[in-house]
Asks: 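Dumping the structure here so I can ask a few things about it.
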Number of protein chains: 2
Amino acid sequence: MNASPRRKELTRLAAQLFVQEGFDKTTVRMLAQEMGIKSGSLFHHFKDKQEILAAVIEEGTHNALRIARRALEYSPTDPEARLRTMARAHLETLFTDRNAHVVALFEWRRLDDEAKAHLSHLRDAYEALWVEVIDAALEAGLIHGDRFLVSRFVLGALNWTVRWYDPAGPRTPDDLADELVGMIIPAKR
Amino acid sequence: MNASPRRKELTRLAAQLFVQEGFDKTTVRMLAQEMGIKSGSLFHHFKDKQEILAAVIEEGTHNALRIARRALEYSPTDPEARLRTMARAHLETLFTDRNAHVVALFEWRRLDDEAKAHLSHLRDAYEALWVEVIDAALEAGLIHGDRFLVSRFVLGALNWTVRWYDPAGPRTPDDLADELVGMIIPAKR
DNA sequence: GTCTATATTCAGATAGAC
DNA sequence: GTCTATCTGAATATAGAC
């Protein structure tokens, strides 16, 4: 709702801490220190800690959706390229965009029911993009299986990279995306 | 270390709560209530809350390793069947064995450094099983890609099922495992 | 092995001055 | 918009009786 520049900046910093420490282990005092203010001042910007989480997750999902949509616009239209585009966009929001999408994926459970209800349509819109692209790949005979399961397996493989991938290592996120797509597509003809 | 039957039972109950609520959100009072004792009594069995987590994760990883090894013994020896066997075993420990493996995967970060050091060899042994089976599939030309990445993508896809799969639904864990293997293997010849 | 009682610490959140 | 000061509740853990 409210989106003052200050609040946006605070949300960005919160996302970083939530990824590093986890939502539960991040105290409002830690958040405040990172933001260069005292803990009491935080509650001028956010009603409570829950609202900070909701703000982060909203931004994270929103970014993922925006970046994926834009990437699809500029993508070649063949199903394989679009699959690659989506995978690249997904990892881009996880590793280079800035953390908020990671929080959206890994701390969703910590949202209260109200926030979940409010944000689930955003998440669903993003997943719908995926199902769309996967459907096209299925119809083209590029991959095979159940559309629902394939989407979830692919997203699972991508999401889990957060747990092991080191962006400082030799591979780029794009490398990972291409490898994953290569894995589920029959060998190059 | 210590493995009194009582402690084993408590560990089992703790695993269940850790999955339902998450480690951080599970209080020692909740644990005690579930176990039918008072919170103070818990510390007769475990030095502190950390030790409960370590016990759960040790059991979870140990179970996963044991079940996978045994499943491979009885598995046909062709690479595709062994891949399927590993995937089935993995989901079996996640959904039907009982929760401890889920905790091992999702709360690993919460272990202190000492526990991580003590348990990482167990985890590595389990992952080595996977790499072995995946290597065989690569050599047989059944799948293609980097052994390291393929293992991690497959495990990611499997692990993430915890977040969306409903065991009460129409599909069995074995169905999921077979679908995943089908997804990464070229269409039936 | 479990109980009661409690020490201790720390978290989220509020009030009112500046 | 930020500060200081503080309330309130809750969580981990301990001590000693039974």
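All values derive from a computational prediction rather than experimental measurement. Numbers restart at 1 for each chain; the letters A, B, ... are given by sequence-line order, proteins then strands.
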Asks: Check the distance between D/dT2's P and A/H44's NE2 and give it to me in whole angstrom.
Replies: 7 Å
Asks: Applying side-chain hydrogen bond (donor to acceptor under 3.5 Å, both in side chains), can you list everything that pairs with A/R66, at least two apart in sequence or on another chain?
Replies: A/N63
Asks: Which heavy atom of B/L176 sits nearest to which heavy atom of B/R171, and what is that distance?
Replies: CD2-CD, 4.0 Å
Asks: Starting from the C-alpha separation in whole Å, work towards a yes-or-no answer on side chain to side chain contact (heavy atoms under 4.5 Å, CB included) for A/T161 and B/F153.
Replies: CA-CA 8 Å; A/T161 58; B/F153 286 146; 4.1 Å; yes
Asks: I'd like a list of close polar pairs between nucleotides 3-5 of chain D and the protein, N/O only, cut-off under 3.5 Å.
Replies:
unit_1: D/dC3; atom_1: OP2; unit_2: A/K38; atom_2: N; d: 2.5
unit_1: D/dC3; atom_1: OP2; unit_2: A/S41; atom_2: OG; d: 3.0

Asks: In terms of the angle between their ring planes, are A/H90 and A/Y126 parallel, tilted or perpendicular, with boundaries placed at 30° and 60°?
Replies: parallel
Asks: Between B/L53 (CG) and D/dA11 (C1'), how many Å, whole number?
Replies: 17 Å
Asks: Start with the C-alpha gap between B/I134 and B/L83, add the side-chain angles, then the distance that decides, and say whether side chain to side chain contact (heavy atoms under 4.5 Å, CB included) holds.
Replies: CA-CA 7 Å; B/I134 291 212; B/L83 210 49; 4.1 Å; yes
Asks: Mind calculating the distance between CG (B/L31) and C1' (D/dA13) to the nearest angstrom?
Replies: 14 Å
Asks: Under 4.0 Å: is that the gap between some side-chain N or O of B/R7 and OP1 or OP2 of C/dG1?
Replies: no
Asks: Just grab all the side-chain hydrogen bond (donor to acceptor under 3.5 Å, both in side chains) pairs involving residues 67-78 of chain A, residues at least two apart or on different chains.
Replies: A/S75-A/T85
Asks: Whole angstrom is fine here: how far is it from CG in B/L42 over to P in D/dA13?
Replies: 10 Å
Asks: Quick one: which residue pairs count as a ring pair (Phe, Tyr, Trp, His ring centres under 6.0 Å) with a foot in residues 18-69 of chain B, not counting sequence neighbours?
Replies: B/F18-B/F23
Asks: To the nearest Å, give me how far apart CE (B/M30) and P (D/dA11) are.
Replies: 9 Å
Asks: To the nearest Å, give me how far apart CE (B/M35) and C1' (C/dT2) are.
Replies: 14 Å
Asks: For A/E51 and C/dA13, give me the distance from atom CD to atom P, rounded to whole Å.
Replies: 10 Å
Asks: Using the test side-chain hydrogen bond (donor to acceptor under 3.5 Å, both in side chains), find all partners of B/D48 that sit at least two apart in sequence or belong to another chain.
Replies: none
Asks: Give a yes/no verdict on a cation-pi contact between B/R152 and A/W160, requiring under 6.0 Å between NZ or CZ and the six-membered ring centre and an angle within 45° of the axis.
Replies: no
Asks: Quick one: which protein N/O atoms are closer than 3.5 Å to N/O atoms of nucleotides 8-12 of chain C? Pair and distance per line, please.
Replies:
unit_1: C/dG12; atom_1: OP1; unit_2: A/K49; atom_2: NZ; d: 2.8
unit_1: C/dG12; atom_1: OP2; unit_2: A/V28; atom_2: N; d: 2.7
unit_1: C/dG12; atom_1: N7; unit_2: A/R29; atom_2: NH1; d: 3.2
unit_1: C/dG12; atom_1: O6; unit_2: A/R29; atom_2: NH2; d: 3.0

